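One structure is given here, and the rest of the page talks about it.
Each chain gets a letter, A, B and so on, in the order its sequence line appears, and its residues count up from 1. Since the model is a prediction, treat every value here as computed from it, not as a measurement.
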2 protein chains.
Amino acid sequence: MIRVLLAEDQAMVRGALSALLNLESDIEVLGTAADGEIAWRELQRLKPDVLVTDIEMPGLTGLEIAQRVRRQELPIKVIIVTTFARPGFLRRALDAGVGGYLLKDAPAENLAEALRTVHRGGRAIDPQLALEAWSEADPLNDRERQVLRLAGEGQSANDIATQLNLSHGTIRNYLSEAIGKLGAANRIEAYRLARQKGWL
Amino acid sequence: MIRVLLAEDQAMVRGALSALLNLESDIEVLGTAADGEIAWRELQRLKPDVLVTDIEMPGLTGLEIAQRVRRQELPIKVIIVTTFARPGFLRRALDAGVGGYLLKDAPAENLAEALRTVHRGGRAIDPQLALEAWSEADPLNDRERQVLRLAGEGQSANDIATQLNLSHGTIRNYLSEAIGKLGAANRIEAYRLARQKGWL
DNA sequence: GTGCGAATGTGACAAGCGTCACCCGGGGGT
DNA sequence: ACCCCCGGGTGACGCTTGTCACATTCGCAC
């Protein structure tokens with residue numbers, strides 16, 4: 001019997017996935033969590049074999065939970081199930097030592113199958129994504145990422161400067177760097193590109 | 001027996017929702033569709049009582065399907081199930097005569113309940129959203145919407161001008177109008193605001 | 001110490017952006 | 001015939017962006 005905790009913020013999807021997994025005779029859904037913090041608490045209380053979690057959740061993200069599990073050396077496997085086919089996410093997930101990484105647009109049967117594989121100690125990584133992941137590295141450094149994120153929210157160079165205690169000019173330099181590295185024409189395009197790759 | 005067709009582009013969610021609905025004794029899932037065009041074909045072939053559909057799908061969106069159903073006066077109810085709590089979407093859905101509009105972060109049991117209500121001829125609209133929907137009207141006109149959408153993709157005023165066969169200056173005027181109406185500081189913020197409200 | 005390389009700043013320039021006041025031409029009312 | 005509204009355009013103004021070449025400072029390696 002594989003004992004599972006399910007974390008996913010959209011209630012309807014959570015309920016549906018739970019129903020789906022409960023149809024399997026060798027899988028038992030111990031509980032579900034609507035956000036990252038609840039998931040973390042339930043994880044410690046229920047001690048499941050496997051945590052199945054989304055990435056984007058209020059509070060803790062799925063990636064952050066995976067990092068904590070690894071840091072505390074808990075005997076719990078983590079499977080990420082997410083909408084986003086972003087190589088950067090997969091990469092960070094692998095760095096956090098997750099057992100599986102599936103996309104929500106993979107067939108539903110894959111989930112139970114992946115659960116069994118991971119429970120046996122194997123890995124279940126979405127195949128197309130696995131290829132892309134190591135092909136293209138994130139060219140941005142921390143500052144560039146940070147500045148690009150704020151610029152993408154509509155803030156001007158001046159706004160960002162005050163917010164980060166840097167000078168107006170420096171911000172523009174970083175932004176220019178980022179735009180160049182990404183081969184974009186302006187901050188908006190750069191933001192979109194970076195976001196799409198999961199480099200945020 | 002309520003005969004249902006389910007349209008949703010994410011395979012895993014599709015499978016899970018299908019499993020969920022099949023647990024109900026009075027509901028039968030006739031089939032599922034992975035995008036809007038398939039959904040439209042299956043709709044005509046299977047003649048279900050109710051179509052449960054996502055909004056954002058490749059090909060036809062759920063809203064467009066609802067509009068077609070109404071235009072052709074098919075005896076099929078439509079229930080929209082979506083992630084997006086955007087008042088503008090609900091409004092367009094109501095204009096298209098849908099029977100129900102639920103959010104994916106409503107509890108899973110609501111879906112079956114809504115199906116029954118709509119099948120009986122009632123309406124199932126997410127309550128909080130219903131309030132907001134009529135409170136704030138979309139202030140943008142067609143040109144502004146169009147221009148703002150392109151600007152949000154990172155295109156410059158010049159790019160947009162050539163694309164729409166308008167002058168450089170006119171584009172900037174429209175953009176300025178849109179920014180003003182939305183109370184934004186620049187195109188990026190304006191784009192984000194409009195998008196968030198579902199005015200796109 | 002000397003030297004190198006990050007990280008941050010500066011100043012200048014051209015291009016793009018946001019705003020505004022105003023112009024033009026074609027429908028519709030009346 | 002008149003006016004007025006509407007979609008579109010013009011030109012000018014000042015500010016923001018994107019780029020680049022060149023400082024400054026600090027820390028680390030040797």
Side-chain angles (χ1 to χ4, degrees), chain A residues 86 88 91-92 95 134 136-200, chain B residues 88 91-92 95 136-200:
Chain A
R86 298 185 185 148
R91 188 164 199 155
R92 273 186 260 164
D95 289 345
W134 300 99
E136 216 178 338
D138 180 351
L140 303 175
N141 63 36
D142 283 353
R143 278 307 199 190
E144 287 157 5
R145 208 185 338 277
Q146 191 177 35
V147 168
L148 196 51
R149 197 152 33 208
L150 295 173
E153 287 169 15
Q155 304 207 38
S156 74
N158 265 312
D159 295 343
I160 302 175
T162 24
Q163 207 165 320
L164 300 184
N165 290 103
L166 290 177
S167 106
H168 160 78
T170 305
I171 299 298
R172 291 198 287 146
N173 286 337
Y174 287 145
L175 231 20
S176 180
E177 264 297 297
I179 291 168
K181 284 181 180 177
L182 297 173
N186 55 48
R187 52 178 73 192
I188 309 181
E189 204 186 330
Y191 176 76
R192 302 200 124 216
L193 279 170
R195 213 181 144 71
Q196 198 180 313
K197 296 279 192 180
W199 300 330
L200 233 157
Chain B
R91 187 167 200 155
R92 274 185 260 164
D95 289 345
E136 214 177 340
D138 180 352
L140 303 176
N141 63 36
D142 283 354
R143 280 304 199 190
E144 287 156 8
R145 209 187 335 278
Q146 191 178 33
V147 167
L148 195 51
R149 197 154 30 209
L150 295 172
E153 286 169 15
Q155 304 207 38
S156 74
N158 266 312
D159 296 342
I160 301 175
T162 26
Q163 207 164 320
L164 300 185
N165 291 101
L166 289 176
S167 109
H168 160 75
T170 306
I171 299 298
R172 291 198 288 148
N173 285 337
Y174 286 144
L175 231 20
S176 180
E177 264 299 297
I179 292 169
K181 284 183 180 175
L182 297 173
N186 55 47
R187 52 179 72 195
I188 309 181
E189 204 186 330
Y191 177 75
R192 303 201 123 215
L193 280 171
R195 214 182 143 70
Q196 200 181 311
K197 297 281 192 177
W199 299 330
L200 231 157

Which residues, if any, of residues 144-152 of chain A bring a heavy atom under 4.0 Å of DNA chain D?
none
Is the phosphate of dG7(D) approached by Arg143(B) (side-chain N or O, under 4.0 Å from OP1 or OP2)?
no
Heavy atoms of Arg172(A) and Ala157(A) approach each other most closely as CG-CB, 3.8 Å
Quick one: does Ser176(B)'s side chain get under 4.5 Å of Ile179(B)'s, heavy atoms only?
no
Where do N or O atoms of nucleotides 9-13 of chain C meet protein N or O atoms at under 3.5 Å, pair by pair?
{"from": "dG9(C)", "atom 1": "OP2", "to": "Ser167(A)", "atom 2": "N", "distance (Å)": "2.9"}
{"from": "dG9(C)", "atom 1": "OP2", "to": "Thr170(A)", "atom 2": "OG1", "distance (Å)": "2.7"}
{"from": "dT10(C)", "atom 1": "O4", "to": "Asn173(A)", "atom 2": "ND2", "distance (Å)": "3.0"}

Would you mind reading off the distance between Glu177(A) atom CD and dG5(C) atom P, rounded to a whole angstrom?
16 Å
With the side chain counted from C-beta on, respond yes when Trp199(B) and Leu182(B) share a heavy-atom pair under 4.5 Å apart, and no when they do not.
yes
Kindly give the heavy-atom pair with the smallest separation between Ala151(B) and Ile160(B), and that separation in Å.
N-CD1, 3.7 Å
In whole angstroms, the gap separating C1' of dG8(D) from CG of Asp142(B) amounts to 15 Å
For the pair made of CG in Leu175(B) and P in dT16(D), what is the distance, rounded to whole Å?
17 Å
Can you confirm whether Leu150(A) sits close enough to Leu164(A) that some side-chain heavy atom of one is under 4.5 Å from a side-chain heavy atom of the other?
yes
Atom-pair distance (CD1 on Ile179(B); P on dC17(C)), nearest Å:
10 Å
To the side chain of Tyr174(A), which of dT17(D), dG18(C), dA7(C) is closest?
dA7(C)
Non-hydrogen side-chain atoms of Ile188(A) and Ile188(B) separated by less than 4.5 Å
yes
One pair to check against salt bridge (charged side-chain N to carboxylate O under 4.0 Å, His left out): Arg145(A) and Asp142(A). What are the steps and the verdict?
CA-CA 5 Å; Arg145(A) 208 185 338 277; Asp142(A) 283 353; 3.0 Å; yes
Establish, from distance only, whether the side-chain atoms of Glu189(A) and Asn186(A) form a donor-acceptor pair under 3.5 Å.
no
Atom CD of Glu189(B) and atom P of dG18(C) are separated, to the nearest Å, by 11 Å
Return the nearest nucleotide to the side chain of Ser176(A); candidates are dG18(C), dT16(D), dT19(D).
dT19(D)
In whole Å, what is the span from the CZ atom of Arg187(B) to the P atom of dT17(D)?
11 Å
Is the shortest side-chain heavy-atom distance between Leu166(B) and Val147(B) below 4.5 Å?
no
Per atom distances to the Asn141(A) side chain, the nearest of dT19(C), dA7(C), dT19(D) is dA7(C)
Between P of dT17(D) and CD of Gln155(A), the distance in whole Å:
11 Å
Take the protein atom CD1 of Ile160(B) and the nucleotide atom C1' of dC17(C), then report the distance between them rounded to whole Å.
12 Å
